[in-house]
Amino acid sequence: MSSQQTMTVLVQDRANKHLVTRSKSVQVLQPSDSQDLESALNLFVLASATGLPEIADIVRLANQKHHLRVLFIREDIDPTWMPQMFDRANLRVMRNTLVHTNSIVPKRVMNAWIMGAQEQLIADATVIGDQLLVLSCAMEKLEIPFDSLPALKCISMDERSNFTIDDDGSCLYWEDADIHLDLEAFRCATNPEWKQKFESLKSEHNQVFGKAIATLRKKYKLRQSDIIGLSERQVRRIEQGDGSTKVDTLRLFAKAHGMDLDAYLDAVADVIVSIPKGFNPQSSIEKKEIKSIDDLRKLMGTEKEANVVETTSSNECSHLGGLN
């Protein structure tokens with residue numbers, strides 16, 4: 001993970017301190033650490049509803065600087081009193097405010113940022129009438145009409161709310177209809193221009209990413225058959241850039257290399273730096289200067305196309321059928 005992605009987690013709500021994953025890219029601070037908090041570029045705040053006054057000034061300043069990524073608020077009071085809790089702290093509800101009652105969503109969001117996959121993973125979702133509301137781990141909000149995506153049309157009215165979210169947020173899953181859908185499928189359904197741009201760019205990204213994965217495997221003197229949990233054919237397809245790669249699949253590569261996922265993605269990013277300028281996946285991506293996974297995302301426009309979860313086509317009632 002690049003230095004730009006270093007996370008600072010401010011823990012006011014000590015009851016949720018266990019949510020913070022210990023990592024070299026995560027800095028954990030207390031409200032009294034004012035000097036370090038002022039310089040934090042990617043700030044995540046774990047607060048309780050009744051504890052909002054304690055961190056209100058820090059939150060306001062970070063938000064004004066556009067450094068506040070997520071304000072997590074645990075409901076430790078009757079939810080009907082939540083408006084009064086914001087008023088008590090002289091805070092307004094911001095777009096990056098996330099109120100929760102358990103640890104699942106905050107943990108999912110912070111893990112996504114640690115992996116650098118916040119643009120690709122789902123934080124939470126709900127159904128309101130004939131709309132599916134989806135929140136990404138980057139706090140992007142999408143509203144998808146059920147009749148806008150053929151796969152969603154396959155789901156009966158009674159079953160619309162009966163979905164689960166993968167532990168890492170890679171997709172929504174409707175068990176009875178056997179349908180998996182990820183964020184890219186939802187974005188493509190709501191924005192035709194996004195779909196066209198995404199389709200034209202993801203192949204280039206997949207080939208650069210696959211080249212880096214193959215280079216790293218060879219550096220560690222591993223054979224394609226050494227990636228336990230994947231067949232040689234699956235590994236070959238990933239390294240050739242034939243399709244996107246799920247987070248669970250990357251974990252298998254990381255394990256085979258004797259690393260955790262965070263360290264493995266760091267290593268892949270380092271390899272991308274060394275990919276020769278002559279490497280030509282399909283068009284002009286090799287003409288750009290790529291120094292990290294972040295650069296690759298920025299090259300692709302809005303940092304949302306660096307997809308590490310398998311995308312479901314919106315042209316039919318399609319299902320994710322397994323790993324690449």
Side-chain angles (χ1 to χ4, degrees), residues 4-13 16 19 37-38 40-49 51-77 79-129 131-145 165 169 172 182-184 186-191 193-194 294 297-298 301-306:
Q4 289 83 357
Q5 282 188 296
T6 299
M7 296 168 51
T8 300
V9 181
L10 167 60
V11 181
Q12 178 279 323
D13 182 20
N16 273 332
L19 298 181
L37 286 167
E38 287 181 7
L41 298 180
N42 293 306
L43 181 63
F44 299 77
V45 179
L46 287 169
S48 63
L52 284 175
E54 185 180 354
I55 46 85
D57 290 340
I58 297 170
V59 167
R60 275 192 293 270
L61 180 60
N63 195 52
Q64 290 169 3
K65 293 180 176 180
H66 305 289
H67 294 168
L68 180 66
R69 298 296 170 250
V70 188
L71 168 60
F72 299 105
I73 302 175
R74 178 174 61 87
E75 284 187 357
D76 62 340
I77 195 171
T80 60
W81 280 88
M82 287 300 294
Q84 285 72 28
M85 293 301 100
F86 278 93
D87 183 64
R88 179 170 175 257
N90 195 24
L91 280 175
R92 59 184 178 84
V93 179
M94 299 165 289
R95 62 172 295 276
N96 47 2
T97 302
L98 202 160
V99 179
H100 63 96
T101 57
N102 59 53
S103 63
I104 295 174
V105 175
K107 188 73 172 178
R108 184 183 293 143
V109 171
M110 286 192 288
N111 282 345
W113 279 84
I114 289 171
M115 293 188 296
Q118 65 274 10
E119 303 282 359
Q120 289 76 48
L121 299 179
I122 297 167
D124 207 356
T126 190
V127 173
I128 300 178
Q131 303 278 326
L132 176 66
L133 276 62
V134 179
L135 178 68
S136 79
C137 290
M139 298 294 101
E140 174 192 8
K141 298 176 179 66
L142 298 172
E143 292 194 23
I144 307 98
I165 305 176
L172 300 186
D182 65 10
L183 271 177
E184 300 305 342
F186 296 135
R187 290 186 181 120
C188 291
T190 56
N191 189 338
E193 292 182 1
W194 168 264
D294 288 338
R297 292 192 182 101
K298 290 174 183 176
T302 76
E303 300 187 4
K304 295 177 182 175
E305 293 89 343

To the nearest 0.5 Å, what is the distance between [atom1] ([X]) and [atom2] ([Y])?
X	Y	atom1	atom2	value
L61	Q64	CG	CD	6.0 Å
C137	M115	SG	CE	8.0 Å
R187	I144	CZ	CD1	10.0 Å
L71	L52	CG	CG	6.5 Å
M94	L68	CE	CG	5.5 Å
E38	T8	CD	OG1	12.5 Å

Does a side-chain heavy-atom distance below 4.5 Å link [X] with [Y]?
X	Y	value
R60	N63	no
I58	V45	no
Q12	L46	no
V70	M139	yes
I55	L10	yes
I122	D182	no
L142	E140	yes
L98	I73	no

Residue pairs passing the side chain to side chain donor-acceptor pair (under 3.5 Å) test where at least one lies in residues 80-90, sequence neighbours excluded
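Counting only pairs at least two positions apart or across chains, the side chain to side chain donor-acceptor pair (under 3.5 Å) contacts touching residues 80-90 are D78-T80.
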Distance-minimising heavy-atom pair for [X] and [Y]:
X	Y	answer
S48	D76	CB-OD2, 3.4 Å
P79	P83	O-CD, 4.1 Å
E75	M82	CG-SD, 4.2 Å
A123	I165	O-CD1, 4.3 Å
A47	D13	C-CB, 3.6 Å
E119	L183	O-CD1, 3.7 Å

Looking only at atom types and distance, does a side-chain atom of [X] sit under 3.5 Å from a main-chain N or O of [Y], one as donor and one as acceptor?
X	Y	result
Q118	V109	no
R92	F86	no
H67	L43	no

Let me see the working for L133 and K141 under side-chain contact (heavy atoms from CB on, under 4.5 Å), right down to the final yes or no.
CA-CA 7 Å; L133 276 62; K141 298 176 179 66; over 6 Å; no
Mutual orientation of the aromatic rings belonging to F44 and F72 [parallel < 30°, tilted 30-60°, perpendicular > 60°]
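Rings of F44 and F72: parallel, as their planes differ by under 30°.
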Start with the C-alpha distance between L132 and L172, add both sets of side-chain angles, then the distance that settles side-chain contact (heavy atoms from CB on, under 4.5 Å), and finish with yes or no.
CA-CA 11 Å; L132 176 66; L172 300 186; 4.0 Å; yes
Only counting residues at least two apart or in another chain, list the ones meeting salt bridge (charged side-chain N to carboxylate O under 4.0 Å, His left out) with R108.
none
Quick check: are there more than 12 heavy atoms from other residues, nucleotides or ligands sitting under 6.0 Å from CD1 of I104?
no
